[in-house]
Engineer: 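Quick one: the structure is below, and I'll ask about it shortly.
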Amino acid sequence: MTQSPAWLTRYAPLLTLLFCTLLTLLLLDRPLIRGDGVAYLGWVDTLAVDGDLDLSNQAERLAAVNTYQIQWNETTGRYVIIFPFGVALLQTPFYAIGHTFTQQGWLNLNPEYFAQMQGVPLPYSLWLMIGANLLLLVGVTCAWLVGRDLAHPWLAALAVYVTFVGTPILYYSTITPLNSHSGGAFGVAVFLFTLWRSSVGVVLEPPLHPSSGAHVRASLIWVIMGISAGIAVLSRWQLALVIAPGWLLLVYERRWRGLLIMTVTAGLTLLPLPLVWQTYFGSPFLVPFDAVEGQRGAGSFLGSQNHALDVLAQTLLHSPVVLLGLLGLIPLWRSQRRWAVACLAMIGLQLFINGAALDWWAGESYGMRRMSELVPVYTLLVCALVGQPLVKWPPYVRRFWWVHGLALTGLLMYTGLYIASFLVFTWTNADGYLLGDPATMIGGFLQHPYRWEVLVEVVRTHVGPWAWSMPGP
């Protein structure tokens with residue numbers, strides 16, 4: 001009997017994970033850019049099509065849907081976008097492909113509808129959706145490559161899948177495919193993976209040593225780490241507080257050569273940020289919201305009151321899988337103390353900065369979206385919870401390894417119910433709310449006499465391949 005190749009056996013959990021994730025993405029994908037996404041659409045359109053920073057064309061091209069996304073700055077006399085542009089850099093190749101498709105007339109379905117709904121034809125948003133899917137798949141891959149060092153590869157695959165679908169990053173990679181969260185989560189995932197590979201705290205896989213070919217490979221990992229850190233901050237400036245604990249971890253481990261390479265590379269990647277802000281707002285270092293909206297009486301984006309505990313409560317309420325991640329800090333502390341401190345700092349600092357935001361609840365949001373970029377950190381901690389205790393605990397405890405799988409499966413079933421309830425609630429509630437509390441959404445779904453019929457109709461008209469030619473807003 002022919003045996004499977006060694007690489008296939010080794011990576012079978014990852015391939016299964018990617019297949020299940022891709023299938024989930026396709027079932028929820030919606031190639032329609034709405035709301036804040038129009039701002040990022042303006043960014044990627046000017047970068048990929050015009051190749052400049054003049055947003056005059058975008059203000060005209062997106063006039064039908066531009067309500068606040070592209071604004072006129074009286075101070076500098078230019079059209080500006082106060083939203084970050086990191087995800088636009090990542091999505092530029094996909095938008096360029098969409099531009100080619102549009103010019104050739106390929107897949108340009110219902111052009112009048114898409115012009116009214118998002119300002120540009122379907123091929124543009126379809127390829128942006130594909131780009132968002134690929135960014136998530138890369139993030140899932142990086143998370144598993146870390147998680148397999150902490151748990152059994154198959155259990156790590158289940159943990160990664162449950163965590164990714166159980167947090168807002170799923171929504172912001174499918175139903176709303178163009179936003180800063182997908183770019184931020186991608187940057188954090190690659191950064192965390194390269195940090196894990198390079199840290200001397202990793203005992204299950206020896207750190208790379210600068211000898212012969214390994215020297216080049218190690219240098220490349222440091223460069224990738226720096227670029228991913230820069231991309232994360234370019235996507236969402238708040239993520240600098242995720243990168244900082246990783247940087248300090250390398251300082252603690254005295255990885256001076258790698259630290260220098262990573263820091264310089266990250267600095268070069270971030271260089272466009274002050275240059276663009278100088279052009280748009282007349283200052284290289286500022287909060288764009290304050291420069292535009294603050295002058296109109298909206299207040300400062302960061303306030304003196306902090307709602308970090310409220311952000312944490314809402315995060316756990318809508319994404320209970322995060323609780324497993326927090327519990328994972330305990331076993332991680334026992335085996336990789338410096339990593340436990342770093343992960344706790346990453347989460348704590350994000351709670352603090354997001355709790356200080358003017359709209360700490362993040363407005364029209366699927367769950368606590370501003371905490372979604374931490375999904376690679378959550379997966380690391382969940383894998384630590386379901387993996388390491390089985391090695392450290394007595395044999396009579398290790399017999400109950402299946403409890404971890406049962407808990408993850410239960411959370412996965414809950415997440416499926418949550419998503420189904422959300423879809424029905426979002427597109428049928430009379431008040432037009434995007435999201436309700438879980439009790440309201442799930443309770444309403446379970447009590448609805450025609451819940452399955454309504455769910456099928458909502459899915460048919462809004463998400464999934466059957467709706468791509470004309471997805472409902």
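Hydrogens, waters and symmetry mates are skipped; everything else that's a heavy atom, side chains included, is used. In this text, all values refer to a predicted model and were calculated from it rather than measured experimentally.
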Engineer: Under a 3.5 Å distance rule, please check whether Thr174 uses its side chain to pair with a backbone N or O of Leu170 as donor and acceptor.
Structural biologist: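 Side chain of Thr174 to backbone of Leu170: a pair is present.
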
Engineer: Taking C-beta and beyond as the side chain, do Ser365 and Tyr172 meet within less than 4.5 Å on heavy atoms?
Structural biologist: yes

Engineer: Going by heavy atoms in the side chains, are Thr16 and Trp154 under 4.5 Å from each other?
Structural biologist: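 Yes; the side chains approach each other to less than 4.5 Å.
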
Engineer: Do Trp339 and Leu344 have side-chain heavy atoms sitting under 4.5 Å apart?
Structural biologist: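 The answer is no; the side chains never approach within 4.5 Å.
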
Engineer: Can you check whether Leu423's main-chain N or O pairs, donor with acceptor, with Thr426's side chain at less than 3.5 Å?
Structural biologist: no

Engineer: Within this structure, what is the CZ-CG distance for the pair Phe422 and Leu455, rounded to the nearest 0.5 Å?
Structural biologist: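 Separation between the atoms: 12.0 Å.
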
Engineer: Verify whether one side chain among Asp50 and Gln58 offers a donor that lies under 3.5 Å from an acceptor in the other.
Structural biologist: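 Yes, side-chain donor-acceptor contact under 3.5 Å.
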
Engineer: Do Asn133 and Ser173 meet the criterion of a side-chain donor-acceptor pair at a distance under 3.5 Å?
Structural biologist: no

Engineer: Determine the minimum heavy-atom distance between Ile169 and Ser372, stating which atoms define it.
Structural biologist: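 Minimum heavy-atom contact is N-CB, 3.8 Å.
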
Engineer: Does any non-hydrogen side-chain atom of Arg451 lie less than 4.5 Å from one of Val424?
Structural biologist: no

Engineer: Checking Leu134 now: which residues fulfil side-chain contact (heavy atoms from CB on, under 4.5 Å) with it, not counting sequence neighbours?
Structural biologist: Phe94, Ile130, Leu137

Engineer: Please test Met470 against Leu122 for side chain to side chain contact (heavy atoms under 4.5 Å, CB included), starting from the C-alpha separation and ending with a verdict.
Structural biologist: CA-CA 9 Å; Met470 189 181 287; Leu122 170 62; over 6 Å; no

Engineer: List the steps and the verdict of side chain to side chain contact (heavy atoms under 4.5 Å, CB included) for Met346 and Gln350.
Structural biologist: CA-CA 6 Å; Met346 291 174 183; Gln350 283 303 288; 5.9 Å; no

Engineer: How would you list all residue pairs meeting salt bridge (charged side-chain N to carboxylate O under 4.0 Å, His left out) that involve residues 455-473, not counting sequence neighbours?
Structural biologist: Glu457-Arg460

Engineer: Scan the side chains in residues 230-245 for donor-acceptor partners under 3.5 Å anywhere in the protein, sequence neighbours excluded, and list what turns up.
Structural biologist:
unit_1, atom_1, unit_2, atom_2, d
Ser235, OG, Ile231, O, 2.9
Arg236, NE, Glu373, OE2, 3.0
Arg236, NH1, Ser180, OG, 2.8

Engineer: Count the heavy atoms of every other residue, nucleotide or ligand shown that sit under 6.0 Å from OH of Tyr414, and state whether that count exceeds 12.
Structural biologist: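 Result for OH/Tyr414: enclosed.
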
Engineer: Return the set of residues passing salt bridge (charged side-chain N to carboxylate O under 4.0 Å, His left out) with Asp310 (not counting sequence neighbours), or none when no residue passes.
Structural biologist: none

Engineer: ring-ring contact (aromatic ring centres under 6.0 Å, His included) with Tyr79: which residues, sequence neighbours excluded?
Structural biologist: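 Checked Tyr79 against ring-ring contact (aromatic ring centres under 6.0 Å, His included); matches are Trp72.
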
Engineer: According to side-chain hydrogen bond (donor to acceptor under 3.5 Å, both in side chains), who are the partners of Asn110, at least two apart in sequence or on a separate chain?
Structural biologist: none

Engineer: Quick one: CG on Asn179 to CD1 on Ile33, what's the gap to the nearest 0.5 Å?
Structural biologist: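 The CD1 atom of Ile33 is 9.0 Å from CG of Asn179, to the nearest 0.5 Å.
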
Engineer: Using the ring-ring contact (aromatic ring centres under 6.0 Å, His included) criterion, which residues pair with Trp452? Sequence neighbours excluded.
Structural biologist: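 Trp452 satisfies ring-ring contact (aromatic ring centres under 6.0 Å, His included) with Phe445 only.
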
Engineer: Find out whether Tyr40 and Gln91 are in side-chain contact, i.e. whether some heavy atom of one side chain is under 4.5 Å from a heavy atom of the other.
Structural biologist: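 They are not in contact (no side-chain heavy atoms under 4.5 Å apart), so the answer is no.
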
Engineer: For Phe193, which residues count as a ring-ring contact (aromatic ring centres under 6.0 Å, His included) partner, sequence neighbours excluded?
Structural biologist: none

Engineer: Which residue pairs pass the side chain to side chain donor-acceptor pair (under 3.5 Å) test when at least one of the two sits in residues 266-280, sequence neighbours left out?
Structural biologist: none

Engineer: Side chains of Thr24 and Tyr161: is there a donor and an acceptor less than 3.5 Å apart?
Structural biologist: yes

Engineer: Is the shortest side-chain N to carboxylate O distance from Arg197 to Asp149 below 4.0 Å?
Structural biologist: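 A salt bridge is absent here (no side-chain N lies under 4.0 Å from a carboxylate O).
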
Engineer: Residues in ring-ring contact (aromatic ring centres under 6.0 Å, His included) with Trp106, at least two apart?
Structural biologist: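 Scan of Trp106 (ring-ring contact (aromatic ring centres under 6.0 Å, His included), adjacent residues dropped) gives Phe101.
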
Engineer: Please examine the side chains of Tyr11 and Trp144, heavy atoms only from C-beta on, and report whether any two atoms are closer than 4.5 Å.
Structural biologist: yes

Engineer: Pairing donors with acceptors under 3.5 angstrom, does anything connect the side chains of Thr263 and Trp247?
Structural biologist: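 Yes, a side-chain donor-acceptor pair sits under 3.5 Å.
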
Engineer: Using every non-hydrogen atom in the two residues, find where Val162 and Leu412 come nearest and quote the distance to one decimal.
Structural biologist: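 For Val162 versus Leu412, the nearest heavy atoms are CG2-CB, 4.0 Å.
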
Engineer: Between the main-chain N or O of Thr461 and the side-chain N or O of Trp427, is there a donor-acceptor pair closer than 3.5 Å?
Structural biologist: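 Checking the backbone N and O of Thr461 against the side chain of Trp427, no donor-acceptor pair under 3.5 Å is found.
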
Engineer: Between Leu435 and Phe425, which heavy-atom pair has the shortest distance, and what is it?
Structural biologist: C-CE2, 3.6 Å

Engineer: Near Met413 CE, under 6.0 Å, is it more than 12 heavy atoms from other residues, nucleotides or ligands?
Structural biologist: no

Engineer: Enter the distance from Leu90:CG to Leu128:CG here, rounded to the nearest 0.5 Å.
Structural biologist: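 These two atoms lie 11.5 Å from each other.
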
Engineer: Rounded at 0.5 Å granularity, tell me how far SG in Cys343 sits from CG in Leu374.
Structural biologist: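 Taking SG in Cys343 and CG in Leu374, the distance rounds to 9.5 Å.
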
Engineer: For a 4.5 angstrom cut-off between non-hydrogen side-chain atoms, does Leu192 reach Val146?
Structural biologist: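 They are not in side-chain contact.
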
Engineer: Please collect all salt bridge (charged side-chain N to carboxylate O under 4.0 Å, His left out) contacts where either partner lies in residues 21-36, sequence neighbours excluded, each pair once.
Structural biologist: none

Engineer: Measure the OG1-CG distance between Thr46 and Leu41 for me, rounded to the nearest 0.5 Å.
Structural biologist: 11.0 Å

Engineer: Taking the side chain as every heavy atom from C-beta outward, state whether Pro168 and His181 have any atom pair closer than 4.5 Å.
Structural biologist: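 Sidechains of His181 and Pro168: no contact.
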
Engineer: Looking only at atom types and distance, does a side-chain atom of Ser198 sit under 3.5 Å from a main-chain N or O of Leu195, one as donor and one as acceptor?
Structural biologist: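 Side chain of Ser198 to backbone of Leu195: no pair is present.
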
Engineer: Asn354 vs Trp360, test: side chain to side chain contact (heavy atoms under 4.5 Å, CB included). Steps then yes/no.
Structural biologist: CA-CA 6 Å; Asn354 292 324; Trp360 60 266; over 6 Å; no

Engineer: How many angstroms lie between atom CG of Leu62 and atom CG of Leu55, to the nearest 0.5 angstrom?
Structural biologist: 9.5 Å

Engineer: Donor-acceptor pair, Asn66 side chain versus Ile70 backbone, under 3.5 Å?
Structural biologist: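 Flag set: sc Asn66 to bb Ile70 pair under 3.5 Å.
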
Engineer: Give the minimum heavy-atom separation between Leu249 and Ser199, together with the two atoms involved.
Structural biologist: CD2-OG, 4.3 Å

Engineer: Could you tell me whether the side chain of His462 and the main chain of Gly472 form a donor-acceptor pair under 3.5 Å?
Structural biologist: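 Judged by distance alone, yes, a pair lies under 3.5 Å.
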
Engineer: Compare every heavy atom of Ala185 with every heavy atom of Pro376, then report the nearest pair and how far apart it is.
Structural biologist: CG-O, 3.9 Å

Engineer: Name each donor-acceptor pair under 3.5 Å that joins a side chain in residues 312-323 to protein atoms two or more places apart or in another chain, with its distance.
Structural biologist:
unit_1, atom_1, unit_2, atom_2, d
Thr315, OG1, Val311, O, 2.7
His318, ND1, Tyr418, OH, 2.7
Ser319, OG, Gly166, O, 3.2

Engineer: Will you find, in the side chains of Thr176 and Tyr171, an N or O donor that is under 3.5 Å from an N or O acceptor?
Structural biologist: yes

Engineer: If you look at every heavy atom in Ile261 and Thr265, which pair is closest and at what distance?
Structural biologist: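 Shortest heavy-atom contact: O-OG1, 2.7 Å.
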
Engineer: List the steps, then state whether side chain to side chain contact (heavy atoms under 4.5 Å, CB included) holds for Thr379 with Phe164.
Structural biologist: CA-CA 8 Å; Thr379 57; Phe164 269 80; 3.7 Å; yes

